[in-house]
Amino acid sequence: MDKLTLKATLIKQHEETLQQLRNDYAAYQGDGNLNLEDVRDADDNSHREQAEEFLQALERQIHQRENEIKMLRDLDFGSKTSVTEGAVALVNGLYYIIGIPACQFDLDGKHFIAMSPDAPFYQGLMNRKQNDLFVFNGKRFMIESIF
């Protein structure tokens with residue numbers, strides 16, 4: 001498995017999402033921002049407040065995505081022998097990427113599920129090795145491979 005390509009794909013997808021958020025922010029800011037002098041009634045004021053709240057939510061998403069990209073760049077995607085951050089684990093036929101915010105995508109005909117180290121499922125995977133078995137929420141899992 002080419003983990004460098006995997007990492008580059010993740011970074012690219014996150015950067016594309018970040019750019020879309022920035023575009024949405026700029027478009028909404030230009031279209032929906034009411035000047036306080038233009039406020040004529042309570043509805044105008046309400047719309048202005050809603051626009052400000054929406055822009056603040058977009059700002060939070062932008063900052064979160066920027067932090068996620070930094071985390072991805074800093075994450076060691078080197079070869080692993082146990083399930084730790086930066087590992088890709090094949091578990092019950094599904095590929096899990098450990099150490100990044102949750103997302104899912106396909107690459108080279110494989111479906112990948114990214115998982116934060118804070119995810120409850122990771123606690124069952126943590127430090128396990130190839131062929132280890134564990135139970136999570138009453139279901140048995142086997143670690144088929146670690147990359």
Side-chain angles (χ1 to χ4, degrees), residues 1-36 43 45-147:
M1 172 174 297
D2 183 359
K3 289 176 70 179
L4 292 178
T5 299
L6 181 63
K7 183 176 183 176
T9 300
L10 281 165
I11 291 171
K12 182 180 179 212
Q13 288 182 341
H14 277 68
E15 287 174 338
E16 288 171 357
T17 301
L18 175 61
Q19 188 57 51
Q20 184 60 50
L21 287 168
R22 287 177 174 157
N23 292 345
D24 291 349
Y25 183 89
Y28 197 82
Q29 188 177 38
D31 293 341
N33 222 2
L34 288 174
N35 188 327
L36 285 176
D43 283 341
N45 194 42
S46 174
H47 290 291
R48 182 188 56 77
E49 288 174 1
Q50 286 177 336
E52 287 176 0
E53 288 173 7
F54 183 74
L55 287 171
Q56 288 172 354
L58 278 175
E59 286 175 1
R60 285 190 299 272
Q61 291 178 37
I62 288 168
H63 293 303
Q64 179 181 354
R65 192 60 61 165
E66 289 169 340
N67 290 335
E68 290 170 0
I69 291 170
K70 182 183 180 330
M71 285 174 41
L72 272 168
R73 287 198 169 117
D74 293 344
L75 189 61
D76 175 13
F77 262 64
S79 182
K80 309 287 187 217
T81 58
S82 65
V83 181
T84 59
E85 290 186 42
V88 176
L90 178 60
V91 181
N92 288 15
L94 297 174
Y95 290 90
Y96 292 93
I97 306 168
I98 311 300
I100 60 173
C103 68
Q104 296 185 32
F105 65 96
D106 295 312
L107 178 67
D108 296 334
K110 297 178 177 91
H111 185 72
F112 292 88
I113 302 167
M115 163 184 344
S116 163
D118 298 327
F121 187 63
Y122 175 64
Q123 302 309 309
L125 285 170
M126 188 169 45
N127 296 321
R128 297 204 184 264
K129 300 192 180 307
Q130 186 171 339
N131 298 318
D132 281 356
L133 297 168
F134 68 99
V135 176
F136 180 77
N137 283 346
K139 185 176 177 187
R140 289 176 49 104
F141 293 90
M142 179 180 161
I143 300 171
E144 300 167 37
S145 296
I146 300 171
F147 306 93

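In what follows, residues are counted from 1 in the order of the sequence shown.
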E68 side chain to Q64 side chain, donor-acceptor N/O pair below 3.5 angstrom: yes
Let me have the donor-acceptor pairs involving side chains of residues 85-92, under 3.5 Å, with sequence neighbours excluded, atom names and distances please.
unit_1, atom_1, unit_2, atom_2, d
N92, OD1, M142, N, 2.8
N92, ND2, R140, O, 3.1

Contacts under 3.5 angstrom, residues 98-111 side chains, donor-acceptor by atom type, not counting sequence neighbours:
unit_1, atom_1, unit_2, atom_2, d
Q104, OE1, H111, NE2, 2.8
D106, OD1, H111, ND1, 2.8

K80: what forms a side-chain hydrogen bond (donor to acceptor under 3.5 Å, both in side chains) with it, not counting sequence neighbours? D76
As an exercise, state the distance from [atom1] of [X] to [atom2] of [Y], rounded to the nearest 0.5 Å.
X    : Y    : atom1 : atom2 : result
K129 : I146 : NZ    : CD1   : 7.0 Å
F54  : Q29  : CZ    : CD    : 12.0 Å
I69  : D74  : CD1   : CG    : 12.0 Å
L10  : I97  : CG    : CD1   : 4.5 Å
I62  : L18  : CD1   : CG    : 6.5 Å
R73  : K7   : CZ    : NZ    : 9.0 Å

Shortest non-hydrogen pair, K3 vs G78, comes out as NZ-O, 2.9 Å
Closest contact, heavy atoms only, L125 versus V83: O-CB, 3.3 Å
Mark yes or no for whether Q19, through its side chain, and H14, through its backbone, hold a donor-acceptor pair below 3.5 Å. no
With sequence neighbours excluded, what pairs up with [X] under the salt bridge (Lys or Arg N to Asp or Glu O under 4.0 Å) test?
X    : answer
R22  : E66
R128 : none
E53  : none

F147 and Y95, any side-chain heavy atoms less than 4.5 Å apart: yes
Would you check, one step at a time, whether the test ring pair (Phe, Tyr, Trp, His ring centres under 6.0 Å) holds for F134 with F121? CA-CA 11 Å; F134 68 99; F121 187 63; 5.7 Å; yes
